[in-house]
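In this chain, numbering begins with 1 at the start of the sequence shown. Computation of the quantities below employed the complete heavy-atom set of this structure, encompassing side-chain atoms and omitting hydrogens, waters and symmetry-equivalent molecules. Since this is a predicted model, take the numbers as computed values, not measurements.
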Amino acid sequence: MAVTTTLSDREPENLRAQDRGRVVLVVALVLVAAQVTIRAVLAGAGEFYWDDLILIGRAGTEPLLSESFLRYDHDGHLMPGAFLVAGLATALAPLQWWPAATTLVLGQAIASLAVLRVLWLLLGARRVLWAPLLFYLLTPLTLPAFAWWAAALNSLPLQAALAWVTGDALQYARTGRRRHLVSGVIVTALSLFFFEKAILVPFVAFAALALTYRVDGRSRPIRTAARRAAPLWLASALILAIWLGFYVSTVESRFGTPTAEMARGLSIHGLSYGLLPALVGGPLQWARWNPGPPWADPPAALVFVAWAVLLGTLAWSLRRRQRTGFVWAATAAYVAASMVAMISTRFGPGTTYELAQTLRYFADSAVVVAIAAALVLRAPRRPSATTIPVPVRRTAAAGLAALFTVSSLWSTVTFTRSWTDNPTGEYLAHARDGLTSRPDVAVLDHPVSVWVLLPVTFPHNLVSSVFAALPDRSDIAGSTTELRVLDEVGALVPADLLAVRWVDSGPEPGCGRRVEPGITTMLPTGPMLEATWTVQLNYLASSDGEIEVGFPSREPARVAVTAGPSTVYVRVPGGGEGVQVRTATPGLSVCIGAGPVGVVVPR
């Protein structure tokens with residue numbers, strides 16, 4: 001009878017615990033839904049930017065599953081998964097933003113749920129779980145890497161993998177169930193297909209497991225973590241070894257040694273003006289020099305507050321929580337690794353310190369910080385620590401959460417304003433209309449506006465690349481009979497050839513310079529520097545056919561000509577004293593008269 005009474009007494013306690021667990025989970029899921037909704041609004045207000053156009057341009061010029069498309073060295077990144085997603089989105093709706101925005105929202109939802117899962121495994125059904133979850137969901141640290149599609153295709157899979165594989169490591173070490181081993185290995189491999197930084201995923205998972213044992217007071221936590229999840233670590237090591245061979249054989253190394261001044265400047269700006277203000281809901285305001293991305297521009301007072309909060313939190317955790325020092329050390333090591341990777345691959349003569357304030361190089365640190373916060377909250381209180389009344393703790397926590405939420409949301413609003421100051425959407429819309437208005441007339445290939453893609457991205461900044469996937473458009477070619485170009489806002493307008501040199505009238509009256517079958521003829525222009533020029537050929541052809549035009553040191557362009565007198569404009573990269581012409585059709589002879597050589601400008 002006594003046993004029965006004891007069990008009956010416990011039933012209400014169990015029910016209350018279950019109710020609390022449901023409340024914790026429901027509130028957590030509501031927070032995730034709210035974050036995903038906010039991010040969906042941001043994604044909907046966005047548009048393609050910079051590298052996005054390189055991805056969709058390659059998707060339009062390369063077969064979807066070809067090695068040349070998937071195994072491409074994109075500015076030091078090996079990211080076949082990202083290219084595959086970009087290729088599928090482009091095939092679904094060429095140069096339309098909505099498929100890209102959809103992948104952003106789905107990717108964020110997956111990453112956020114993965115973070116919720118690992119926090120649940122570390123903290124259980126406790127309301128304290130809401131704190132690190134709220135931090136991850138709202139911190140502006142992840143904003144820039146979310147809004148920029150090309151960056152998000154790297155960052156979101158990495159964020160999801162960091163959280164998910166850490167959760168799998170915890171579960172596998174606790175239960176030994178094979179499904180967690182298989183899941184962890186698969187997610188690790190998939191994340192490597194999106195971003196080379198995913199090599200850190202197994203190391204973060206191992207560190208989180210060892211630190212869990214550490215804060216729980218287990219002896220020999222590193223050895224225990226290695227032993228309890230040994231198959232996961234061995235399988236991950238094998239995957240990393242295979243991937244490393246694949247990476248080294250594909251990507252040209254961008255690593256280098258910066259000057260001490262450059263390293264110091266990037267570190268200070270990345271930490272004091274970028275990362276730390278974002279950890280407390282900043283930067284509140286952003287700066288931008290188009291066509292560059294926005295960067296964090298926090299007030300000096302916020303920088304001071306961020307450092308004070310960091311040092312205060314460090315002191316609080318070391319004073320009130322047991323065995324948390326190594327948690328801080330591991331988190332600092334991850335941030336330092338991100339800093340070193342950024343500095344050693346992105347420094348250069350034209351690098352500005354504001355690069356470190358764009359935050360996208362630290363976005364994945366938000367997951368690591370959330371896990372670290374959960375470990376600190378999991379750690380037992382020190383017996384000597386003063387007990388703070390529960391109402392006081394809850395009031396303080398609610399106040400800090402409200403302050404962080406307001407600050408983060410304001411930073412999100414100001415970022416959205418800055419991010420949507422992007423001319424690319426309007427440019428693409430005008431260009432789509434123009435290039436499909438008269439599909440029967442070819443458009444001479446030329447660079448897009450420098451406000452959309454700078455010349456350093458050549459040849460990806462050419463119209464033929466950016467609009468390769470656009471259906472029902474004009475042929476974008478190396479020659480045309482009607483000179484038209486996309487202007488600064490993307491409208492297809494008539495153009496003129498601004499002369500730099502001239503092809504002379506030639507020695508033969510009524511003909512100029514005669515190009516006979518099988519003979520290469522030089523059209524003298526005078527000295528011309530290496531560049532991409534356009535030559536206006538005023539010709540008289542004996543019949544329809546083709547000729548080849550180009551500088552002697554370059555591959556010639558093949559140009560169609562029609563019988564009788566006509567004019568064609570030809571794009572000729574290179575330089576020298578003149579342009580060579582020869583016929584490519586047997587029996588064709590062509591007379592070429594005087595004409596300008598120069599650059600094409602909108603009329």
Undergrad: Is a side-chain donor or acceptor of S191 paired with a backbone partner of T188 at a separation under 3.5 angstrom?
TA: yes
Undergrad: Evaluate the side-chain proximity of W316 to R321: yes if any heavy-atom separation is below 4.5 Å, no if none is.
TA: yes
Undergrad: Backbone N or O of S317 within a donor-acceptor pair of the T324 side chain at under 3.5 Å?
TA: yes
Undergrad: So, Y427 and E488: side-chain donor and acceptor under 3.5 Å apart, yes or no?
TA: no
Undergrad: Using side-chain contact (heavy atoms from CB on, under 4.5 Å), reason through L355 and Y361 one step at a time and then give a plain yes or no.
TA: CA-CA 9 Å; L355 171 73; Y361 298 101; 3.5 Å; yes
Undergrad: Is the number of heavy atoms from other residues, nucleotides or ligands under 6.0 Å of W130 CH2 greater than 12?
TA: yes
Undergrad: Please report the closest heavy-atom contact between Y49 and G292, naming both atoms and the distance.
TA: OH-C, 3.1 Å
Undergrad: Where do R288 and D421 land on the salt bridge (charged side-chain N to carboxylate O under 4.0 Å, His left out) test, with the steps shown first?
TA: CA-CA 9 Å; R288 187 175 193 180; D421 179 21; 5.3 Å; no
Undergrad: Taking the side chain as every heavy atom from C-beta outward, state whether W328 and V376 have any pair of such atoms under 4.5 Å apart.
TA: yes
Undergrad: Could you tell me if the ring centre of W286 sits under 6.0 Å from that of W419?
TA: no
Undergrad: If you define the side chain from C-beta out and look only at heavy atoms, does anything of H77 sit under 4.5 Å from V251?
TA: no
Undergrad: Can you list the steps and then say if D51 with H74 is a side-chain contact (heavy atoms from CB on, under 4.5 Å)?
TA: CA-CA 9 Å; D51 288 35; H74 179 63; 2.9 Å; yes
Undergrad: Could I get the full list of salt bridge (charged side-chain N to carboxylate O under 4.0 Å, His left out) partners for D216, not counting sequence neighbours?
TA: R378
Undergrad: How far apart are the closest heavy atoms of E47 and G425, and which atoms are they?
TA: CG-CA, 3.0 Å
Undergrad: Is the NZ or CZ atom of R117 positioned over W164's six-membered ring, under 6.0 angstrom from the centre and within 45° of the axis?
TA: yes
Undergrad: Hey, are the side chains of P144 and T358 touching, using non-hydrogen atoms and a 4.5 Å cut-off?
TA: no
Undergrad: Does T420 reach the main-chain N or O of R417 with its side chain, forming a donor-acceptor pair under 3.5 Å?
TA: yes
Undergrad: Find out whether L156 and I110 are in side-chain contact, i.e. whether some heavy atom of one side chain is under 4.5 Å from a heavy atom of the other.
TA: no
Undergrad: Test your reading of the model: is there a side-chain donor-acceptor pair from T139 to the backbone of G281, 3.5 Å cut-off?
TA: no
Undergrad: What closest approach, in Å, do I343 and P258 show between heavy atoms, and which atom pair accounts for it?
TA: CG2-CG, 3.5 Å
Undergrad: Looking at F467, is R432 sitting on its ring face, NZ or CZ under 6.0 Å from the six-membered ring centre and within 45 degrees of the normal?
TA: no
Undergrad: Can you see whether Y72 has R58 sitting over its ring - NZ or CZ less than 6.0 Å from the centre and within 45° of the normal?
TA: yes
Undergrad: Does the side chain of L284 reach to within under 4.5 Å of the side chain of S407, using non-hydrogen atoms?
TA: yes
Undergrad: State whether the side chain of R323 and the backbone N or O of V215 hold a donor-acceptor pair below 3.5 Å, judged by distance alone.
TA: yes
Undergrad: Are any non-hydrogen side-chain atoms of L143 and L42 less than 4.5 angstrom apart?
TA: yes
Undergrad: What pairs with W97 under ring pair (Phe, Tyr, Trp, His ring centres under 6.0 Å), at least two apart in sequence or on another chain?
TA: F48
Undergrad: Does the ring centre of H180 sit less than 6.0 Å away from the ring centre of Y172?
TA: no
Undergrad: Locate the shortest heavy-atom distance separating A468 from T61; write the atom from each residue and the value.
TA: CB-CG2, 3.4 Å
Undergrad: Indicate yes or no: at least one non-hydrogen side-chain atom of F206 is less than 4.5 angstrom from one of L232.
TA: no
Undergrad: Pick out which of N154, L70, L192 makes a side-chain contact (heavy atoms from CB on, under 4.5 Å) with M79.
TA: N154
Undergrad: Decide whether S155 and W148 meet the rule of one side-chain donor and one side-chain acceptor closer than 3.5 Å.
TA: no
Undergrad: Kindly say whether P298 contributes a backbone atom to a donor-acceptor pair with the side chain of Q285 at under 3.5 angstrom?
TA: no
Undergrad: Using modelled atom types and a 3.5 Å cut-off, is there a donor and acceptor pairing between side-chain atoms of S272 and backbone atoms of H269?
TA: no
